[in-house]
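Computed from heavy atoms alone, side chains included, the values below leave out hydrogens, waters and symmetry copies.
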Amino acid sequence: MITVQNKKWKYLCLLAGICVFMISGCGFREPAQEEKPPVSEETKRPNREIIVPPNREEQDEGDTAPDEPEGEVSNETEQKPLEDRKPAAQGKPFWQSETAKRVQNLTETAAAAQADYKTNGAKRGWISKNGRLYGFYDGAFITPDMLVEEGYLESGSADASYELLLINGSDLAEYDGVNVPKDSMDFGVFAAVKQSGKYMLASPSGKVGAISEESYKNLLSRYNQNHGKIGRLSSASAEYERILNFISLYEGKFDSYYVREITKDNKYAVVTFSTTADTAAVKQYVLKNDNNFWEVVYPNVQMDSYPITYINRLVPDFNVNLLPDYNLASWKGYILSEQGGAVAALFSGRYISSVSEISYQCATANCAYFVLTDGSRYAAYRSGDYWQAKLVSSDNEAKNYFKEKTGSDYGFIILDD
């Protein structure tokens, strides 16, 4: 009995061992590979675009959009139609883009005005009038629309509210909130527009900055040309002699002068004169009154073909209305210290019996003015081949006489009374 049971136990153990072996052997079998799905055209596409987020340090301060996660774009995003996609986040807020556009337009307007001024300004009498760009001969301030009409500016580049200034950049640079480029520090054109209670300014080189309305008015006041009433100075006044003395100091010689006229306001004076040695060498100086001392600030105006613009560049607060109507540069070589035909008219009219009776004469080819030793004055005019002389009571009467005959101002040959 015991033997049988041992045999059965032996077979049972053997069977259990075989089962254990078979079960453990199943763990070493390689699992069957899953059948791969068919490859789609989407999966076959090569190397799709990888979006790399911007460096946080390189983003603008105004850029508050969060960084995009790294990795490739999902199929869902990539397959969206273009019209359904959101626009990419801008680097700067929308209002800054509008400001940048306005700065660009201001810069283009300033550059166009500067180019026009440089090319045509002198012959057209463009000046700074109280700080703003002004056409003296046209009697109007220059606007962006004028620049468009003349082909210097594209239509739509400027707004009618833009103001064109003609100032020294160095003056503007003194105000807080501006940074004037080095090449804009001299006398030149700037464009300005009022925005949010301030004035934004630009030069042809780009944005300069913005200043308060009060600062803007203060800046333009530096170019104020209204210095009181303009008048002709009497030769009997003490101021008349003081001005001539300052001219003598400037020239470094104490000459006696034949003055044609002195016009002045409370700050500047224009003197037209010659020496007594040569009445044909007519000069013109601009003087400035500084604490009752006169100084020459612009000599030899007679050399300038366009004195209005040239003087304005150097002395922009000078009132150009002080200048006479005639331009001495255009008369260069035509002013004479003697005119034989006019002298003959004095003889034929029995106004003189000897040339020694003439104390002053100055003339052109058609007009002449004389002052005799007895103080009498004569204006002579050539009509055709004949000269005729007329007794006049004053320099003003002589001036009006020549104006009537010729339509021009001949004040440069008429001796001041």
Side-chain angles (χ1 to χ4, degrees), residues 105-169 171-172 183-184 186-193 201-205 219-220 222-227 230 263 265 268 270 272 284 286 297-332 334 407-409 411-412:
N105 290 342
L106 276 175
T107 301
E108 291 176 355
T109 303
Q114 179 68 38
D116 202 351
Y117 170 73
K118 184 176 180 180
T119 304
N120 306 305
K123 61 185 177 183
R124 296 174 59 186
W126 282 17
I127 62 171
S128 174
K129 182 175 182 180
N130 302 323
R132 295 177 59 191
L133 184 59
Y134 182 78
F136 182 78
Y137 299 138
D138 296 329
F141 288 103
I142 307 305
T143 66
D145 288 342
M146 294 180 183
L147 302 176
V148 172
E149 291 174 3
E150 295 170 8
Y152 280 86
L153 185 65
E154 290 186 9
S155 179
S157 295
D159 192 287
S161 62
Y162 291 0
E163 292 185 355
L164 294 171
L165 312 183
L166 186 56
I167 59 175
N168 285 303
D171 289 340
L172 177 58
D183 59 358
S184 299
D186 295 330
F187 193 64
V189 177
F190 291 79
V193 64
L201 298 103
S203 76
S205 299
L219 171 66
L220 298 188
R222 297 185 177 199
Y223 300 86
N224 175 37
Q225 296 175 350
N226 183 9
H227 306 299
I230 294 175
T263 54
D265 56 19
Y268 292 101
V270 176
T272 307
Q284 199 168 73
V286 175
V297 292
Y298 199 101
N300 300 317
V301 181
Q302 74 279 358
M303 304 298 293
D304 294 334
S305 300
Y306 305 105
I308 288 175
T309 300
Y310 293 166
I311 296 173
N312 182 255
R313 289 176 184 173
L314 186 64
V315 196
D317 69 330
F318 169 79
N319 190 338
V320 296
N321 290 306
L322 284 165
L323 292 169
D325 291 337
Y326 50 80
N327 182 346
L328 284 175
S330 64
W331 285 101
K332 187 176 181 180
Y334 296 99
S408 299
D409 186 350
F412 55 90

Would you confirm whether [X], through its side chain, and [Y], through its main-chain N or O, come within 3.5 Å as a donor-acceptor pair?
{"X": "Q284", "Y": "L323", "answer": "no"}
{"X": "T109", "Y": "A191", "answer": "no"}
{"X": "Q302", "Y": "A329", "answer": "no"}
{"X": "T263", "Y": "L322", "answer": "yes"}
{"X": "Q225", "Y": "P316", "answer": "yes"}
{"X": "D409", "Y": "G411", "answer": "yes"}
{"X": "S330", "Y": "N327", "answer": "yes"}
{"X": "E163", "Y": "A192", "answer": "no"}

Within a 6.0 Å radius of atom CD on E150, are there more than 12 heavy atoms belonging to other residues, nucleotides or ligands? yes

Can you tell me if CZ on F141 sees more than 12 non-hydrogen neighbours from other groups inside 6.0 Å? yes

N226 and N224: side chain donor to acceptor below 3.5 Å: no

May I ask you to check whether D159 and S161 show a side-chain donor-acceptor distance below 3.5 Å? yes

Quick one: do T272 and L328 satisfy side-chain contact (heavy atoms from CB on, under 4.5 Å)? Show the steps, please. CA-CA 10 Å; T272 307; L328 284 175; 4.2 Å; yes

Of N130, N312, D171, which meets side chain to side chain donor-acceptor pair (under 3.5 Å) against Y223? D171

Do [X] and [Y] make a side-chain contact, defined as non-hydrogen atoms from C-beta onward lying under 4.5 Å apart?
{"X": "L219", "Y": "I167", "value": "yes"}
{"X": "V320", "Y": "I127", "value": "yes"}
{"X": "K332", "Y": "M303", "value": "yes"}
{"X": "Y298", "Y": "D304", "value": "yes"}
{"X": "L314", "Y": "V297", "value": "no"}
{"X": "Y268", "Y": "D317", "value": "yes"}

Rounded to the nearest 0.5 Å, what separates atom [atom1] in [X] from atom [atom2] in [Y]?
{"X": "K123", "Y": "S305", "atom1": "NZ", "atom2": "OG", "value": "12.5 Å"}
{"X": "I308", "Y": "F318", "atom1": "CD1", "atom2": "CZ", "value": "9.5 Å"}
{"X": "W126", "Y": "T119", "atom1": "CH2", "atom2": "OG1", "value": "9.5 Å"}
{"X": "D116", "Y": "I142", "atom1": "CG", "atom2": "CD1", "value": "8.0 Å"}
{"X": "L172", "Y": "S184", "atom1": "CG", "atom2": "OG", "value": "9.5 Å"}
{"X": "T309", "Y": "R124", "atom1": "OG1", "atom2": "CZ", "value": "10.5 Å"}

Kindly give the heavy-atom pair with the smallest separation between [X] and [Y], and that separation in Å.
{"X": "F190", "Y": "S203", "result": "CE2-CB, 3.5 Å"}
{"X": "V270", "Y": "P324", "result": "CG1-CD, 4.4 Å"}
{"X": "P307", "Y": "V301", "result": "CB-CG1, 3.6 Å"}
{"X": "L106", "Y": "A202", "result": "CB-CB, 3.7 Å"}

Regarding R313 and the six-membered ring of F187, is the cationic atom NZ or CZ under 6.0 Å from the ring centre and inside 45° of its axis? no

Please assess Y152 against N120 for the test side chain to side chain donor-acceptor pair (under 3.5 Å), listing each intermediate value before the final yes or no. CA-CA 11 Å; Y152 280 86; N120 306 305; 3.1 Å; yes

Could you walk me through whether I230 and N319 pass the side-chain contact (heavy atoms from CB on, under 4.5 Å) check? CA-CA 9 Å; I230 294 175; N319 190 338; 3.6 Å; yes

Check the pair L165, L220 against side-chain contact (heavy atoms from CB on, under 4.5 Å), reporting the backbone distance first and the verdict last. CA-CA 9 Å; L165 312 183; L220 298 188; 4.1 Å; yes

Are the aromatic ring centres of W331 and Y326 under 6.0 angstrom apart? no

